[in-house]
Novice: 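Got a structure here, written out as structure tokens. Questions coming.
Protein chains get the first letters and strands the later ones, always in sequence-line order, with residue 1 at the start of each.
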Amino acid sequence: MAYWLFKSEPSCFSIDDLMKKKQQTSHWDGVRNYQVRNFLRDKIKIGDQCFFYHSSCNPPGIVGIAEVVKNAYPDHTAWDIHSDHFDPKSTPENPRWYMVDIKFLKKFPHIITLESLRKHPNLKNMVVTKTGNRLSITPVTPDEWKTILSL
DNA sequence: GCCAACGTTGGC
DNA sequence: GCCAACGTTGGC
């Protein structure tokens, strides 16, 4: 089992939105970055756990945990001309983008802020704490996972 | 709203 | 295949 961090702007899709979904499960659509697409398609599997991270808000940070409940399948929003994420180069015959389904597991009583992640010596190398990191999904090591749960 | 970082595009 | 221009992300 692997660990991940999933970023979302709460004004767009927050952990509360995930909680309110039917079965507290949602697909994770709209990824249009090849590195993240490869994570989704090749690495992220049923049973993996994910920190749910709120970005572009005040303060940014980790707000809870979700679990992968469905392996990668084509992101159909890419071939929906009305979608914000429409990509004419992706087709049902030859899908370019993928998504997984995640299910809500828990919401933390308090947000674990980006600032507090940066302060912790064990998290110095964590991808999300590095400036300029723009991947919406990043891998989390077991050590980082354990450290963050202890905060 | 600003701007640094960085991915993508396209001309050559 | 290089690289400048451009667009987007995301912290502040």
Side-chain angles (χ1 to χ4, degrees), chain A residues 2-21 26-45 48-68 71-102 104-141 143-151:
Chain A
Y3 299 110
W4 306 93
L5 182 141
F6 280 42
K7 254 193 257 184
S8 182
E9 298 187 22
S11 59
C12 177
F13 188 75
S14 71
I15 193 159
D16 293 317
D17 293 329
L18 180 61
M19 276 173 74
K20 285 184 217 136
K21 285 268 177 183
S26 173
H27 53 242
W28 194 266
D29 64 23
V31 167
R32 297 294 179 268
N33 169 287
Y34 288 104
Q35 230 179 311
V36 177
R37 188 278 310 267
N38 293 345
F39 285 150
L40 283 170
R41 192 190 50 191
D42 306 331
K43 299 280 185 351
I44 299 177
K45 299 295 173 193
D48 286 1
Q49 296 200 348
C50 322
F51 285 131
F52 201 110
Y53 179 94
H54 283 174
S55 68
S56 293
C57 57
N58 192 16
I62 298 171
V63 292
I65 301 177
E67 180 181 359
V68 178
N71 289 338
Y73 58 105
D75 181 345
H76 53 74
T77 66
W79 55 71
D80 172 5
I81 197 161
H82 301 297
S83 165
D84 288 343
H85 306 293
F86 174 65
D87 179 356
K89 290 179 224 129
S90 186
T91 63
E93 295 73 33
N94 192 12
R96 171 173 298 206
W97 305 112
Y98 288 82
M99 58 188 177
V100 298
D101 287 356
I102 62 167
F104 172 84
L105 271 192
K106 72 148 81 167
K107 184 178 172 178
F108 295 147
H110 304 289
I111 184 171
I112 300 172
T113 62
L114 176 60
E115 190 193 5
S116 63
L117 296 177
R118 286 204 170 119
K119 270 191 200 149
H120 199 289
N122 292 9
L123 303 174
K124 275 273 170 338
N125 295 318
M126 196 176 172
V127 187
V128 80
T129 63
K130 302 216 167 125
T131 54
N133 156 61
R134 300 167 64 210
L135 297 181
S136 58
I137 296 177
T138 53
V140 175
T141 69
D143 277 353
E144 288 163 351
W145 184 270
K146 220 195 300 175
T147 300
I148 290 165
L149 288 185
S150 75
L151 293 179

Novice: Output the rounded distance in Å from CZ (A:F39) to P (B:dG7).
Specialist: 12 Å
Novice: What's the CH2-P distance between A:W97 and B:dG7, to the nearest Å?
Specialist: 13 Å
Novice: In this structure, how many angstroms lie between the C1' atom of B:dT9 and the CG atom of A:D87, rounded?
Specialist: 13 Å
Novice: Show me, pair by pair, the donor-acceptor contacts under 3.5 angstrom made by side chains of residues 52-67 of chain A, not counting sequence neighbours?
Specialist:
{"unit_1": "A:H54", "atom_1": "NE2", "unit_2": "A:I15", "atom_2": "N", "d": "3.2"}

Novice: Without decimals, in angstroms, what is the distance between A:R32 CZ and C:dT9 C1'?
Specialist: 16 Å
Novice: Quick test: give all pairs of protein nitrogen or oxygen and nucleotides 10-12 of chain C nitrogen or oxygen below 3.5 Å, distance rounded to 0.1 Å.
Specialist:
{"unit_1": "C:dG10", "atom_1": "OP1", "unit_2": "A:K7", "atom_2": "NZ", "d": "2.8"}
{"unit_1": "C:dG11", "atom_1": "OP1", "unit_2": "A:Y53", "atom_2": "OH", "d": "2.8"}
{"unit_1": "C:dG11", "atom_1": "OP2", "unit_2": "A:S56", "atom_2": "N", "d": "2.9"}
{"unit_1": "C:dC12", "atom_1": "OP1", "unit_2": "A:R118", "atom_2": "NH1", "d": "3.0"}

Novice: Write down the distance between CG (A:D84) and P (C:dT9), rounded to a whole number of angstrom.
Specialist: 11 Å
Novice: Enumerate donor-acceptor pairs with a distance under 3.5 Å from any side-chain N or O in residues 29-38 of chain A to protein atoms, sequence neighbours excluded.
Specialist:
{"unit_1": "A:D29", "atom_1": "OD2", "unit_2": "A:H27", "atom_2": "NE2", "d": "3.3"}
{"unit_1": "A:R32", "atom_1": "NE", "unit_2": "A:H85", "atom_2": "O", "d": "2.9"}
{"unit_1": "A:R32", "atom_1": "NH1", "unit_2": "A:D75", "atom_2": "OD2", "d": "3.0"}
{"unit_1": "A:R32", "atom_1": "NH2", "unit_2": "A:T77", "atom_2": "OG1", "d": "3.1"}
{"unit_1": "A:R32", "atom_1": "NH2", "unit_2": "A:H85", "atom_2": "O", "d": "3.0"}
{"unit_1": "A:N33", "atom_1": "OD1", "unit_2": "A:Q35", "atom_2": "N", "d": "3.0"}
{"unit_1": "A:N33", "atom_1": "OD1", "unit_2": "A:V36", "atom_2": "N", "d": "3.0"}
{"unit_1": "A:Y34", "atom_1": "OH", "unit_2": "A:R96", "atom_2": "NH1", "d": "2.9"}
{"unit_1": "A:R37", "atom_1": "NH1", "unit_2": "A:R96", "atom_2": "O", "d": "2.9"}
{"unit_1": "A:N38", "atom_1": "OD1", "unit_2": "A:R41", "atom_2": "NH2", "d": "3.2"}
{"unit_1": "A:N38", "atom_1": "ND2", "unit_2": "A:Y34", "atom_2": "O", "d": "3.4"}

Novice: Give every donor-acceptor pair under 3.5 Å between a side-chain atom in residues 133-141 of chain A and any protein atom, sequence neighbours left out.
Specialist:
{"unit_1": "A:N133", "atom_1": "OD1", "unit_2": "A:L135", "atom_2": "N", "d": "3.2"}
{"unit_1": "A:T141", "atom_1": "OG1", "unit_2": "A:E144", "atom_2": "N", "d": "3.1"}
{"unit_1": "A:T141", "atom_1": "OG1", "unit_2": "A:E144", "atom_2": "OE1", "d": "3.4"}

Novice: Answer yes or no: is there a side-chain heavy-atom contact under 4.5 Å between A:I112 and A:L117?
Specialist: yes
Novice: With sequence neighbours excluded, what pairs up with A:D17 under the side-chain hydrogen bond (donor to acceptor under 3.5 Å, both in side chains) test?
Specialist: A:S14
Novice: Hey, could you give me each pair passing salt bridge (Lys or Arg N to Asp or Glu O under 4.0 Å) that has a residue in residues 116-129 of chain A? Not counting sequence neighbours.
Specialist: A:E115-A:K119
Novice: Tell me the interatomic distance from A:N58, atom CG, to B:dG1, atom C1', rounded to whole angstroms.
Specialist: 15 Å
